[in-house]
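Since the structure comes first, as structure tokens, the remarks are kept for the end.
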Protein chains: 2
Amino acid sequence: MKNLAPPEKRVDGPSQRGQFKKRASILEAAADVFCRQGFAGASIDEIAVEANVSRQTIYNHYCEKETLFVAVVDDVLKRANSMIFSMLATFPVNADNLEEDLVAFAIRINKNCICNQDGKFLRRLVQNEGERYPHLFETWRQQGPGRIISALGALFARLSASGALKIEDFDVAARQFLALGNADLQIMMLFGQTPSDEQLESAARNAVRTFLRAYGTATSPERPDLAAVSG
Amino acid sequence: MKNLAPPEKRVDGPSQRGQFKKRASILEAAADVFCRQGFAGASIDEIAVEANVSRQTIYNHYCEKETLFVAVVDDVLKRANSMIFSMLATFPVNADNLEEDLVAFAIRINKNCICNQDGKFLRRLVQNEGERYPHLFETWRQQGPGRIISALGALFARLSASGALKIEDFDVAARQFLALGNADLQIMMLFGQTPSDEQLESAARNAVRTFLRAYGTATSPERPDLAAVSG
DNA sequence: GACGTTTTAGACAACACTGTCTAATTTTAC
DNA sequence: GTAAAATTAGACAGTGTTGTCTAAAACGTC
């Protein structure tokens, strides 16, 4: 890590006029290798081979290994953030068919945000390098998860206001919804495995059933005989 | 990684007659450094300094870096396993004061198994090196989480049989209990932070309240007016 | 086709790390 | 106190990596 980069060498490298494909290829390969090997274990040569690019080209675009790393993290963070908010936009609006809609929503979140390559990469990277390079994730840490939970909480608030759910703390409910959605997948994901569609569906069903038992109003059909027991 | 270690060099090193303190000191320092830097990023010299030991001593006890790594993983896995099962032994037996007992249980699990140093180490290690050194975690992967969930599930089954809970799938309930317990702590833990006692308690309360709403029978006091709404 | 830019392969120095060796020193057992 | 065992500091070769440099080749644009 050089503290003083020579000012005549631009950090941003070529690409003013094109060669976007090279950059994209490097970013993708670097994400792969950094994810597999970690920052310390990743070698520029390995990235170059995987990107079908010469090592020098990497140094032309990103003057240091750390510059490349920062660019990869930025890229993945941006993509993951836009993905999660586009998924939040598919949250069910009305409450007819709520259970099925929530199941489908949970599947989408898990499949496209948590269990995909970007999700895996982010979990690893944050966990490994978050303490070593706090500045990389600081803004995401302060805004990312908090804003996601707030947004999801607001969606649950809407359902709660319409009487479909009965929730006191919307943010807690949002966190619990996500946590329940991962409950059956966490161990797989810890080992880097990707769940099958069947596993995704089963996990989502288990999660939503429990969530609706806790927060659903009486119209939820899936709580067979609690009223009978309580009455 | 040498494939053929000279047979006259014992893998287990000295310690037949004592020097346990050195070994323990090395193991502890190595766990620390491996956890912070990963396998590739950790240097033997750094471990030696942190253990207050010369580098040669490390090589005397563990002939290769990988041997040391394996020993550290074994050590942590054994300790974590024994801790989790000793915590499971404190699961509430009877159902009077169930909510408070479950809260205390969740706090104990989180504090002593999930949020402590060993838990952090294991999460990192499994996630990072689990694919590269599958043999290290294979037996734990097959037996560890599965047996933990089964054991916790059996405890919930006991409460269910006594009528205090109403659960269909005990293993699912066990996973959900643990997932709910982590719901409020996951982001902190991802960044390597350790929750305060207040945060631990609040997280456990939120988790148990929701869990009991989903699985509790009518005797649970904390579901204020579902019956009224449903009636 | 010509020109400026980008890419490439390869060589290169500087550095860090692993694992070995040795000889001196300290610790431990008896 | 003595002898065996363990530890230490330091030097060392071998290796891999980063980042630089150069000259040739490929590319894109006009």
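Chain A is the first sequence line, chain B the second, and so forth, proteins listed ahead of strands; every chain is numbered from 1. We use all heavy atoms of the structure for the numbers below, so side chains are in, but hydrogens, waters and symmetry mates are not.
To the nearest 0.5 Å, atom OG1 of residue B/T194 and atom CG of residue B/N116 are 9.0 Å apart.
Distance CZ (A/F20) to P (D/dC27): 19 Å, rounded to an integer number of Å. Atom-to-atom, CD1 of B/I47 to P of C/dG19 comes out at 11 Å; the value is rounded to the nearest Å. One atom, NZ of B/K65, and another, P of D/dG14, lie 21 Å apart when rounded to the nearest Å. As a whole-Å value, the separation of B/L68 CG from C/dC17 P is 16 Å. For A/I58 and C/dA9, the CD1 to P distance is 12 Å, given to the nearest whole Å. One can place OH of B/Y62 at 15 Å from P of C/dG19, the figure rounded to the nearest angstrom. At whole-Å resolution of the value, CG in B/N60 and C1' in C/dG19 are 12 Å apart. In this structure, CD of B/Q37 is placed 11 Å from P of C/dT18, rounded to the nearest angstrom.
For A/K22, whose side chain is taken as the heavy atoms from C-beta onward, the closest listed nucleotide among C/dC21, C/dT8, D/dT7 is C/dT8. The nucleotide whose nearest atom lies closest to any side-chain atom of A/S43 is, among C/dC21, D/dT17, C/dT8, D/dT17. Proximity note for B/Q56 (side chain, C-beta onward) versus D/dA9, D/dT7, C/dT8: the nearest is D/dA9. Distance from the side chain of B/H61 is smallest to D/dT7 among D/dG19, D/dA9, D/dT7. The side chain of B/Y59 sits closest to C/dT18 out of D/dT18, C/dT18, C/dT7. The side chain of B/R55 has D/dA11 as its nearest neighbour among C/dG10, D/dA11, C/dT18. Picking from D/dG19, C/dT7, D/dT8 the nucleotide with the shortest atom distance to the side chain of A/E64 gives D/dG19. Here D/dT18 is the nucleotide among C/dT22, D/dT20, D/dT18 with the atom lying nearest to any side-chain atom of A/D45.
Salt-bridge check for B/E46 with B/R36: passed, with a basic side-chain N closer than 4.0 Å to an acidic carboxylate O. Between B/E28 and B/K22 there is no salt bridge, since none of the side-chain N atoms of the basic residue sits less than 4.0 Å from a carboxylate O of the acidic one.
Residue-level contact check: B/A42 touches the backbone only, with heavy atoms under 4.0 Å from sugar-phosphate atoms and none from bases.
In this model, the phosphate group of D/dA9 is not approached by any side-chain N or O of B/S54 to a distance below 4.0 Å at OP1 or OP2.
For the pair A/R132 and A/F39, the NZ or CZ position fails the cation-pi test of under 6.0 Å to the six-membered ring centre and within 45 degrees of the ring normal.
With 3.5 Å as the limit, one finds a donor-acceptor pair spanning the side chains of A/Q176 and A/Y215.
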